[in-house]
Amino acid sequence: MNHLDGLNERQRAAALHKDGPLLIIAGAGTGKTKTLTHRIMNLVKEGVPPMEILAITFTNKAANEMAVRVRTLLGTGTTRHFPLQSTRSNAPFIGTFHSLGAFIMRESGEAIGMPRAFSILDKRESLSLVKEAIKERGIDPKQFVPERISTIISKNKGELISVEEYAAGAGNNYFPAILSTIWLAYEKKLSEHKAVDFDDLIAKTVTLLRKNETARHYQNKWKYVHIDEYQDTNTAQYELARILAAAGNICVVGDADQNIYSWRGAKIRNILNFEKDYPGTTTVLLEENYRSTRTILAAANDVIKKNKHRKEKNLFTKNTDGEKITLYEGYDEGDESLFVARKIAELVRGGTVPKDIAVLYRANFQSRVLEEALIEHSLPYQILGIKFFERKEVKDVLAFIRAARNPDNTIDIKRVINVPPRGIGKITIERTLSGNKDKLSPALREKVARFETLLTALREASTKLKPSEFIKFVIKESGMEKYFATGTEDDKERLENARELATLAVKYDVLPVEEGVENLLADAALVSDQDSLENGGNAVRLMTVHASKGLEFPYVFITGMEQDLFPHKKIGESFVSEEEGEEERRLFYVALTRAEKKIFLSYASFRTIFGSRQVNAPSEFITDIDETLIEPDQGAGYADTATVYLE
């Protein structure tokens, strides 16, 4: 059997391309992952050593899927979960931008003063440091809101703007000048903790690679670079890819019509200008959709063709026409949610499994009333974003590991010094971390000494035990095992969650001991919302349209199809700009193309938002769709029993 069997003509052309820049414009559901993995396999067949191939995408879920397929194609095993990166692996490096940054920084970060055992702070931890910086400078947190400051810092790092550059440009402008002092203090705290935030993983990696000798090492290491979802790259990610692909063997896959993350720095121009950035580019257009019915694709094409800033394409499929799109006009959000729940109940009674159904919404606040309706109808559901790694007991185990490996990171030490309770209070912690242990009573000094001895033992064990065994060691030696085992039923459940971390860590046991622990910590820090789906069971999925990117479901409900909600108009703004309007249209296009068999659209004539009852017009996006593709649903929720008051 030919290794390219099963690919269509255009997929085959992309897979057979070897040297020089390659742009794959891949519409929704056109088999981009299949194309990319077969291209990697073909490179190996052509004699390229697997370790010289790099493939980067945006989520752990996507990276895992790609890695499993590559391993299967290359005949190196089909294990569902396994470490994606290893310094000793004779396999392609497959991961996310952030895991790539973490890998490079651990290998070479000492060149810019970053120790190998640096800590990666999650968003809550980095926000905590921003709050500390604001408080220490006596700045009013109501005027300089920590969340806003954190977002501005993040966006600037994504644009590769350093704190020094930002401060130099601030001049005498009040807000930028004050923000500069907060940012400088924040960076100092990161340095003291030997820690980085998510944005640093890429920004600092770019800084590192701009040192020519370091760049050449990785350019020689990975001679063939692949970037998935290229339309979602920001400035820092774009620059990282450009540096690594200096030899010109770069393949990017993406779709300008699915660029929906400009609010977090994604630059649609990166994909629109790829052929200018890389002269001699070969461009392959994937338009045959294998996911959706003709009706769904016709609707999606109707919607997206109104955008001006895009590369022309027209999705088609050999699938059947399928059912028409159902449109429901609800009296209010309660009526709309009852419609959704009743239709889902009908589908389930007809044999559809709940996990094959997704309910999408433009804004998070819409989920509450939908949840209530699903509960009323006894329908199981899961809201995307409830993560295993966010459970307190799991975070505590990971914090013990990081505190042992990086004693400078006092964030983790503060978190676990009294876990489980060992009689160490806030004043004791402050005196211990400030170097004033001599002011403690003998009894307290003894308690602190026992904790420090524990960290030393954990540090030594981390260099000898396989990750899964090390996790068990941490749970036992820290006292968590005994504390939870003798507690309430909830405590016993927490112990089970902590032990589940040891089960998860088994996949890292194949690596050298310390490298396995490093990969475990990096993957835990960089886990995404979509990773929670795998543990969601057989339940209806509720999520924002943004969160649905990259997923697919047989049945999709798109709710809140009202003007100013979807397309969304920001609070306080009187109009939506052309650029914002096009992104909202792309967002609706993404929502439509998540569906395989059937789409339900719904909207409410009245909706209460922030305590104010509003009268709504249907979304303009509904009228973009050919009316022959839509079938109105006349079934009543409770609107037919609503009381109408006439004055």
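Note that these values count all heavy atoms, side chains included, but never hydrogens, waters or copies made by symmetry.
Residues passing the side chain to side chain donor-acceptor pair (under 3.5 Å) test with E287, sequence neighbours excluded: R10. D122 is linked by a side-chain contact (heavy atoms from CB on, under 4.5 Å) to R124, E125, F198, K395, counting only residues two or more places apart in sequence or in another chain. A search for ring-ring contact (aromatic ring centres under 6.0 Å, His included) contacts involving F470 returns nothing, not counting sequence neighbours. Scored by the side chain to side chain donor-acceptor pair (under 3.5 Å) test, T33 finds no partners at all (sequence neighbours excluded). Remark: Y218 pairs with E107, S108 by the side chain to side chain donor-acceptor pair (under 3.5 Å) rule, at least two apart or across chains. Considering only residues two or more places apart in sequence or on other chains, E288 meets the side-chain contact (heavy atoms from CB on, under 4.5 Å) condition with N8, Y290, F316, K318. Residues satisfying the side-chain contact (heavy atoms from CB on, under 4.5 Å) test with V513, not counting sequence neighbours, are none. Listed by chain and number, the residues in a side-chain contact (heavy atoms from CB on, under 4.5 Å) with K355 are V353, N538, R541 (sequence neighbours excluded). Not counting sequence neighbours, D356 has no partner by the side chain to side chain donor-acceptor pair (under 3.5 Å) test. For Y278, the ring-ring contact (aromatic ring centres under 6.0 Å, His included) partners at least two apart in sequence or on another chain are F274.
The heavy-atom pair separating T57 from A63 by the smallest distance is CG2-N, 3.5 Å. When every heavy atom of F58 is checked against every heavy atom of D228, the shortest pair comes out as CE1-O, 3.7 Å. Residues Q219 and I243 come closest through the heavy atom pair NE2-O, 2.7 Å.
Salt-bridge formation is detected for the pair E518/R405: a Lys NZ or Arg NE/NH1/NH2 atom is positioned less than 4.0 Å from an Asp or Glu carboxylate oxygen. A salt bridge does not link R585 to E582: none of the charged side-chain nitrogens sits closer than 4.0 Å to a carboxylate oxygen. Remark: K549 engages D232 in a salt bridge, criterion side-chain N to carboxylate O under 4.0 Å. Checked for salt-bridge contact, E187 and K157 meet the test: a charged N lies under 4.0 Å from a carboxylate O.
Checked by atom type and distance alone, the side chain of S548 never pairs as donor or acceptor with a backbone atom of L551 at under 3.5 Å. A donor-acceptor contact shorter than 3.5 Å is absent between the side chain of R586 and the backbone of I260.
Classified by interplanar angle (parallel below 30°, tilted 30° to 60°, perpendicular above 60°), the ring pair F103/F93 is perpendicular.
Note on residues 40-50: pairs passing side-chain hydrogen bond (donor to acceptor under 3.5 Å, both in side chains), not counting sequence neighbours, are H3-N42. Sequence neighbours left out, not one pair with a member in residues 104-123 passes ring pair (Phe, Tyr, Trp, His ring centres under 6.0 Å).
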Report task. Show the numbers, then the answer: is there a side-chain hydrogen bond (donor to acceptor under 3.5 Å, both in side chains) between Q237 and E239? Result -> CA-CA 5 Å; Q237 292 158 342; E239 181 66 6; over 6 Å; no

